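All of these numbers come straight from a predicted model, not from anything done at the bench. Just follow the structure's listing: the first ligand is 1, and inside any ligand the first atom is 1.
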Amino acid sequence: MATKKVKEQTREILKDVFGYDTFREPQENVICTLLDGKDAFVLMPTGGGKSLCYQIPAIMREGTGIVVSPLISLMKDQVDALIRCGVRAAYYNSSLKAAAAKEVLDQFEAGELDLLYVAPERLLTKVFLKRLERIKIGLFAIDEAHCVSQWGHDFRPEYVRLGELREIMPNIPMIALTATADEHTREDIAERLGLKRAKRYVSSFDRPNIRYLVSEKRQPLTQVLTFLEDWKGSSGIIYCLSRKRVEDMAVNLQRHGVRAAAYHAGMPARQREKVQDDFLRDRVNVIVATIAFGMGVDKPNVRFVIHHDLPKSIESYYQETGRAGRDGMESEALMLYGSGDVNLVRRLIENVENPDQRRVEVHKLNSMVALSEALTCRRRVLLGYFGEEMKGTACGNCDICLDPPETYDGSNIARMAVECVKELSGDYGVGYVVDVLRGSKNVRICEKGHDKAKSHGTGVDINGDEWTSILRQLVHRGIFVQDISRRAALVATKKAELLLEGGSVTLAKYQPGIKRKLKRFTQGKDKKLYQKLVEMREKLAEDEDVAPYALLSDVALTEMSQLTDVSESALQNISGMGQHKLEAYGEIFLGTLKEHADVRGQAGGKDASGAPKLMAKGSPANDAQMHTWGLYKKGADATEIAAQLGTVEKSVYNHYIALVRAGYHIDVPAVIGEEFDEVMAELDDADPYASLTEVKRDLSVDLTNEFFRLILAWREAIGVA
Ligand code: ADP
Ligand code: ZN
């Protein structure tokens, strides 16, 4: 057992090296298990903090900790980040040139490394294993352990042999870590790695900092652009179903000034690598990708993930949305849900040849549809799917909880459904049950004799879509379960019996196609200062040739931007500011903070120009434009301004456009006049993939070019375009 003294030491390392005050569950226990020389199997969601579980014991134990990780591209970033914390770490994989590789191996043999990251195929070579015999090894950590299982989502053949390690070196503690939420895969991993008897640590798979949002898909491009307004300059991923959609979306975003790039398996490897690297280094903000993108993108500050198209299972959805917010900061997962997509995915599944596999995939898709159409807390449905019950009924951080649909006492209706399902002996799926309830006399029902059932037609007053929604809700509430092995047949549970005995259930009112408007995050930070800090970090990272997040996290920058007292001791309390980083970067950041505090002090907290700003963007206005702005503020109209400036009205309108873009408030609706609302409405409905010329041509109002551009500038400024 780890003594009190040892525990104290672990906490000291947590603070001094990594700059964190407290352990998260179950980090401390895992660390103690390894320090005791025992094995551990850690199941923790993405962003849970798995790395520290092996990094701290590797630092504390005698010898080097060997970390096996599948992704060569990630090793460098992980090692860079450790070195910046003052940890003696290195990596050994095929990307190293001979001389560099030799240097690493020399360090390793000389016992100068706390951590060595190794690619599995390197580790398992005869030569390397031989080498291991001579060197003191502190522990083995198998990261992304699901890669060993064919059941998992990312099987890697080179992982299979890792099971041998347990036999070759039975006395060195081993830890396997994964974020897989699926029970089947977990058992397989434990089996294959010889970790059946390892101490198991399972934490909740909830990701409370991710806000789940689902919107009906209407005009995807407009919806995406509107969403991006709130995340300007932040990193995010947009998933699309096909390469074609990926490319179209990327081009459209670039046209709208978003730093976006496409990524899919059809691109040359070199280009894909570049895109990924640009994303990690914050040179590109938004990646538009097929599901080929993501594995191994351990970028901690991905602020949003958008599903432009329906994922084909909840597993994929969870995994893809899980790439947001690893650093624990507020993040959003938006899914655009369109019934057309459901049919598309269904058709893809119909092509699957193996009938068993097809059935499983159909069920998975149906569960995904149910999540998208859920009228109860999304998080509850999501966690429930993985067999985890959420505490409380509402998470408070999904679209349903933030803007709850109306509810009613559905006990009687639910009893009707339970009676019907029981009468059908739990043998039929949602569609069939609905048909029976609605009194359908279709061939199948008559053949089975269910037109004579007592429940036949009891629910005729409620339409089919609404019944489907009710049955789905009853599944979410645990009144029915769906049996995958029998075509997702509905089966009544114990809860159903309780209901029949007089229990009650509240249902959400069925409202097809409701558009939700949500209050967005209000982050209590000084945006200007935050931006300065981001730029400073970028510059330093560029100088040192590392990813910005390996230098300091977004959490650290946010905390800095919120400091009221700017001092070195305050900096010490910033999350992630260990001793090493404080020495290396403390002064530089302190300088930026002080400078900003001084400027703000002089301006008396006001914006110096005094102009009412919508938002700061674009290039600042030039002299002529400022002249126009001065006259406009005094109440002059375009004709008067043109006369004063000795120019034509057209030029004045061009000034207006530049001013709006630069963030000055020109009352565009008033300038355009009565046609404004109509044009705005038509633009809302415009085909998102049409070119601007086409959009303008299709308007019912004949606008001048200047007016058209002015409206576009306005839309962008208020965040609807
Ligand atoms: P995982 O590998 O489980 O996805 P990481 O180990 O990358 O997660 O950790 C996710 C983030 O949480 C990182 O930014 C990490 O520095 C941070 N983190 C981990 N443990 C702690 C802790 N005890 N306190 C504060 N931040 C932590
Ligand atoms: Zn919720």
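At a cut-off of 3.5 Å, with distance as the only test, a side-chain donor of Tyr337 or Glu373 sits close to an acceptor on the other residue. If you check the side chains of Arg326 and Thr46, you find no donor sitting under 3.5 Å from an acceptor.
In this structure Arg156 satisfies the salt bridge (Lys or Arg N to Asp or Glu O under 4.0 Å) test together with Asp154, sequence neighbours excluded. Ala81 pairs by the side-chain contact (heavy atoms from CB on, under 4.5 Å) definition with Ala550, not counting sequence neighbours.
By the 4.0 Å N-to-carboxylate-O rule, Arg84 lies close enough to Glu544 to be salt-bridged with it. Salt bridge present: Arg537 and Asp554 bring a charged side-chain N and a carboxylate O closer than 4.0 Å.
One N or O on the side chain of Gln27 and one on the backbone of Gly49 form a donor-acceptor pair closer than 3.5 Å.
Listed by chain and residue number, the protein N/O/S atoms under 2.8 Å of the Zn ion (ligand 2) are Cys377 SG, Cys395 SG, Cys398 SG, Cys401 SG, with waters left out.
Every protein residue with a heavy atom nearer than 4.0 Å to ligand 1 is included here: Tyr20, Thr22, Phe23, Arg24, Gln27, Pro45, Thr46, Gly47, Gly48, Gly49, Lys50, Ser51, Leu52, Arg326.
A side-chain contact (heavy atoms from CB on, under 4.5 Å) with Phe41 is found for one member of Leu177, Ile142, Thr178, Ile175 and no other, namely Thr178.
Taking the six-membered ring for Trp, His307 and Tyr317 have ring centres closer than 6.0 Å.
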